[in-house]
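To keep things clear, I will list the structure first and then write my remarks on it.
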Amino acid sequence: MRKLTAGLSALALAVTLGACGSNSVPGTGSGTGGGSGDGGSKEAATNLAALTQQIGEKTTEKNSAHMTLAAEAAGQEINAEGDVEFSADDIKMTMDMEIPGQGSISMVFAEGIMYIEMPQELEPGKSWIKIDPNGDDAMSKSLGSTFDEMRKNADPRASLEQMKDAGEITAEEQVELNGEQTTHYSIVLDAKKMAEQQSDPEAKKAMEMMDVTELPVELWVNEDQLPVRMTMTMAMSNPASGEAIESTFQMDYTNWGEPVEVTAPSEDQIAEMPGM
């Protein structure tokens, strides 16, 4: 259980920090690149506030997407994919992932609560556990707030909302990515302002321990003003040990607007929370 907790914590921290900023970001899309030629978004945003508004409106309009995540933090490599459903002010999400040393697990975020299906049953007929940001059990207390931030930051609207008052677009180019024309935005954030906006104590502490003043972020947006990719690499300190670690993060969004199903497990499938 402790190995699983460490893996889940690494994932949550990678997503939370990755959605907020980075130290250096490699890569652009395949195919064309450079300048402001033809293709890409029909009306590329000229400032971060305009970009945030465009993406927020289109994301809410489309309502759903498929996500693919690749993250590494504190020596843990995690790959995951799932579906997300956007409402006006919240999201629901399913995700299947590989946790090193633990195997495959499934996660469901619904009504502000995270449910995890373990690789094996914890009680007869019960393989799910529940992490509630307001829960009294040890795992909820340890991971609840971090996973609540992870849930919020899986929503590109929330990520950009945090960024819009803390940075600016420094460059843009038209590139082909995943078979579609996109605008690739380079964004630079004020590290201090971003740290001040973090509501999760662990994420805030990790960001405050980074010895940087600016956080570059890379974002690709398609012709419909919808996110295609966010990708980041961050040098940071582990808030628990103080050791220097590198966190990498890439989130791809596809299948915008296609129907998805997000269903929380029933109470008779949820086991009592084991000790950590």
Side-chain angles (χ1 to χ4, degrees), residues 1-16 19 59 62-71 73 76-158 200 202 251-276:
M1 181 58 65
R2 289 183 178 179
K3 288 183 178 179
L4 175 63
T5 301
L8 291 173
S9 182
L11 170 67
L13 194 59
V15 174
T16 299
T59 297
K62 287 294 184 181
N63 190 48
S64 64
H66 184 77
M67 302 182 304
T68 303
L69 166 70
Q76 298 276 0
E77 293 184 8
I78 300 171
N79 295 291
E81 66 177 307
D83 297 312
V84 59
E85 180 181 299
F86 303 94
S87 64
D89 56 3
D90 199 5
I91 68 169
K92 295 180 179 179
M93 181 169 61
T94 65
M95 188 175 288
D96 296 319
M97 70 188 69
E98 291 287 333
I99 300 289
Q102 296 293 318
S104 300
I105 67 170
S106 297
M107 300 169 59
V108 173
F109 291 85
E111 307 301 329
I113 296 175
M114 184 186 74
Y115 303 89
I116 304 173
E117 185 175 26
M118 308 297 285
Q120 64 285 322
E121 291 184 350
L122 300 174
E123 299 176 22
K126 298 182 178 182
S127 58
W128 289 85
I129 60 175
K130 179 170 68 173
I131 297 179
D132 186 342
N134 300 313
D136 294 327
D137 59 273
M139 186 171 284
S140 289
K141 287 181 177 179
S142 175
L143 297 178
S145 63
T146 300
F147 271 98
D148 193 45
E149 287 299 306
M150 173 184 169
R151 174 183 62 85
K152 295 174 183 176
N153 286 317
D155 184 345
R157 299 172 302 179
D200 174 56
E202 292 300 314
M251 181 79 83
D252 283 10
Y253 296 93
T254 57
N255 301 338
W256 282 99
E258 294 187 8
V260 301
E261 183 175 346
V262 180
T263 304
S266 59
E267 286 297 324
D268 60 6
Q269 295 177 291
I270 302 172
E272 290 294 324
M273 189 65 68
M276 295 175 60

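Excluded from the calculations below are hydrogen atoms, water molecules and symmetry mates; all remaining heavy atoms, backbone and side chain alike, are included.
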Closest non-hydrogen atom pair, [X] against [Y]:
{"X": "Lys130", "Y": "Ser140", "result": "O-OG, 3.8 Å"}
{"X": "Val108", "Y": "Trp128", "result": "CG2-CH2, 3.9 Å"}
{"X": "Ile116", "Y": "Ile131", "result": "CD1-CD1, 3.8 Å"}

Open item on the list: Please enumerate all residues that pass side-chain contact (heavy atoms from CB on, under 4.5 Å) together with Asp96, with sequence neighbours excluded.
Closed with: Ser106
Just to verify, what does [X] make a salt bridge (Lys or Arg N to Asp or Glu O under 4.0 Å) with, not counting sequence neighbours?
{"X": "Asp132", "value": "none"}
{"X": "Lys62", "value": "none"}
{"X": "Glu111", "value": "Lys92"}

- [ ] Would you check if Lys126 and Glu272 make a side-chain contact, meaning some heavy-atom pair closer than 4.5 Å?
- [x] no
- [ ] Decide yes or no for Thr68 and Met251: does some side-chain heavy atom of the first lie under 4.5 Å from some side-chain heavy atom of the second?
- [x] no
Open item on the list: Under the criterion side chain to side chain contact (heavy atoms under 4.5 Å, CB included), I'd like the reasoning laid out for Glu117 against Ile105: C-alpha separation, chi angles, the key distance, then a yes or no.
Closed with: CA-CA 6 Å; Glu117 185 175 26; Ile105 67 170; 6.0 Å; no
Task: Glu81: side-chain hydrogen bond (donor to acceptor under 3.5 Å, both in side chains) partners, not counting sequence neighbours - done: His66
- [ ] Go through the structure and list residues passing side-chain hydrogen bond (donor to acceptor under 3.5 Å, both in side chains) with Thr94, not counting sequence neighbours.
- [x] none
- [ ] Apply the test side chain to side chain contact (heavy atoms under 4.5 Å, CB included) to residues Met97 and Met107: give CA-CA distance (whole Å), side-chain angles for both, the deciding distance (0.1 Å), then the verdict.
- [x] CA-CA 8 Å; Met97 70 188 69; Met107 300 169 59; 2.6 Å; yes
TODO: Given side chain to side chain contact (heavy atoms under 4.5 Å, CB included), test Ile129 with Met118 step by step and report yes or no.
DONE: CA-CA 8 Å; Ile129 60 175; Met118 308 297 285; 3.9 Å; yes
Open item on the list: The criterion is ring pair (Phe, Tyr, Trp, His ring centres under 6.0 Å); which residues satisfy it with Trp256, sequence neighbours excluded?
Closed with: Phe86, Tyr253
Taking distance alone, no hydrogens or angles, what donor-acceptor pairs closer than 3.5 Å link side-chain atoms of residues 264-271 to residues at least two apart or in another chain?
{"unit_1": "Ser266", "atom_1": "OG", "unit_2": "Asp268", "atom_2": "OD1", "d": "2.4"}
{"unit_1": "Ser266", "atom_1": "OG", "unit_2": "Gln269", "atom_2": "OE1", "d": "3.2"}
{"unit_1": "Gln269", "atom_1": "OE1", "unit_2": "Ser266", "atom_2": "N", "d": "2.9"}

